[in-house]
Amino acid sequence: MLTLDNLYVNYGAIRALKGFSCTVNQGEIVALIGANGAGKSTILNSISGLVPLAAGKITFLGDTISGIAPHRIVRKGISQVPEGRRVFATMTVQENLEMGGYIRTDSKGLRDDIERIFIRFPRLAERKQQLSSTLSGGEQQMLAIGRALMSRPTLLLLDEPSMGLAPMLVEQIFTIIREINAGGMTILLVEQNASMALSIASRAYVLESGNSVLHGRSADLAIDPNVRSAYLGT
Amino acid sequence: MLLQQLINGIALGSVYALIALGYTMVYGIVTLINFAHGEIFMVGAFAGLYATSVLHLNIFIALVIAMIVCILLGVAIEQIAYRPLRKSTRLSALISAIGVSIFLSTLAQMLFGSNAKGYPEDCFPVSQIHLGSADISTLQVLIIAISALLMVSLHFIVHRTRMGRAMRATSEDYHTAALMGVDVNRIISVTFALGSALAAAGGVLVGVLFNAVSFNMGLMAGLKAFAAAVLGGIGSLPGAMLGGLLLGVTEVAGVAAGFSSYRDAIAFAILVLVLLVKPTGLLGRKIQKKV
């Protein structure tokens, strides 16, 4: 479904990605794990078109999407939940969701989808007229996920959904991610919490300084001695 | 007397508010002080003058024509002078803005000469309305009404339309707006278009009110409107409106109190005082540094 082929990204003199390649198949959850600064977010941002590629190619459902503007990539069916949630603080919960459906013009469908999101996240329904800046971290993460679903994507990119959340909330968010995937959504997940990521992903890539050093089935990586000592703290 | 001065102040302040909105909108979206904005106001005044005196058009049609001319001008300035510099330092864009400003006022001087020109006498029939002890001219009523109409329309666009929501999203977080599918470049163009249209309306109204249109009128009006935008809190639309009105009223009050030779100093004195006490301006939000 998604193929990243030999991606290179530079930030000035810093080389953030050095020939990273990976594939994501329909219906999978694929995780990118690794330390801070390994290039995980850069990968998602290059897929979304926010970061220009120095070299390499991204194909999605048979089309080359590298070099296309971010707003067109959303229309191709790729939606991102950015790192740090980035909800629109000056807008209400409802308006944030409406923003998520910006590319759509079917007002009936949009209303139905917002209702569906409120059913999935009852906390958001209770707060729909509140400014999103008044929400807790967990609620903001739910809102950011709901907002990303509003464009009806076929591929969902999640950047550090567990960041800054209490362990109980992390569990809850990951349950939600699993449910969304069970509904047929393909997911590419970036996560520092490697054990959580490996627990829901079917496959994972381990990143170190801009390239993948290891990839395989999550179950295999979870028992790999190198992964265990470097990322799982055991 | 007090009512009279208050209305004079509100009429003047409405015009400052119209121009200030353009500064604040553009700043909100691209964090650039568009120093050519005062010249857009000046071009608007000339476009209205041309439409009324050469084409003999009705003042309302002239207003619309001036707005259209300035929309095209504002959008062109952004594409030619600012867009190529979007990723460079803010200082380069600022210098580019000053360049555009000098270019436009010099061009106007070459085309229209250095002398101030007036709108035709009959372009708007002025009569006086007596309200208690105050004499209000229908021109002041017109200025206040048109400004209010434009500001209400702007508020409606920004808060009730899909485009406006995209503008607010872009202004808050450029990258995340793009992730929602917003064509950020288009939103920036729309912002320049709206700001320029308001400045053009201000230009025509000032042209009729003071009956003097000149190539350098954009400088002081632009600076004062900029002061109004900063006073209200740069980036805030209600702030720009409040700042403009406040500035207009105080300026008129200062003149009425006998400080007419300090007329232009008043605006900047208020600005300095407010910024000393509240650096973000009256309605400004604290700027959060993005990590």
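We name chains A, B, ... by the order of the sequence lines, and we start the count at 1 in each one. We use all heavy atoms of the structure for the numbers below, so side chains are in, but hydrogens, waters and symmetry mates are not. These numbers were taken from a predicted model, which means no experiment stands behind them.
Smallest separation of non-hydrogen atoms from B:Ala178 and A:Leu50: CB-CD2, 4.3 Å. For the pair A:Tyr102 and B:Ile187, the tightest heavy-atom approach, listed with the atom from each and the gap, is OH-CD1, 4.4 Å. Contact between B:Glu172 and A:Val87 at its shortest, heavy atoms only, is OE2-O, 3.7 Å. The minimum heavy-atom distance between B:Thr176 and A:Phe88, with the atom names listed, is CG2-CZ, 3.9 Å. Among all heavy-atom pairs drawn from A:Met99 and B:Ala169, the shortest one is CE-CB, 3.7 Å.
Two residues are said to be in side-chain contact when any heavy atoms from C-beta on lie closer than 4.5 Å; B:Leu179 and A:Gln80 meet this criterion.
Surrounding CZ of A:Arg75 are more than 12 heavy atoms belonging to other residues, nucleotides or ligands, all under 6.0 Å away. Other residues, nucleotides and ligands contribute only 12 or fewer heavy atoms inside 6.0 Å of the CZ atom of B:Arg90. Residue-environment remark: CZ (B:Phe268) exceeds the threshold of 12 foreign heavy atoms within 6.0 Å.
Between the side chain of B:Arg168 and the backbone N or O of A:Met91, no donor-acceptor pair lies under 3.5 Å.
Put simply, OG on A:Ser79 and CE on B:Met180 are 6.0 Å apart, with the number rounded to the nearest 0.5 Å.
Looking at A:Thr90, both its backbone and its side chain come within 4.5 Å of chain B, counting heavy atoms on both sides. Only the backbone of A:Arg104 comes within less than 4.5 Å of a heavy atom in chain B; its side chain stays farther off.
Using a cut-off of 4.0 Å between Lys/Arg side-chain N and Asp/Glu carboxylate O, B:Arg162 and A:Glu98 are scored as not salt-bridged.
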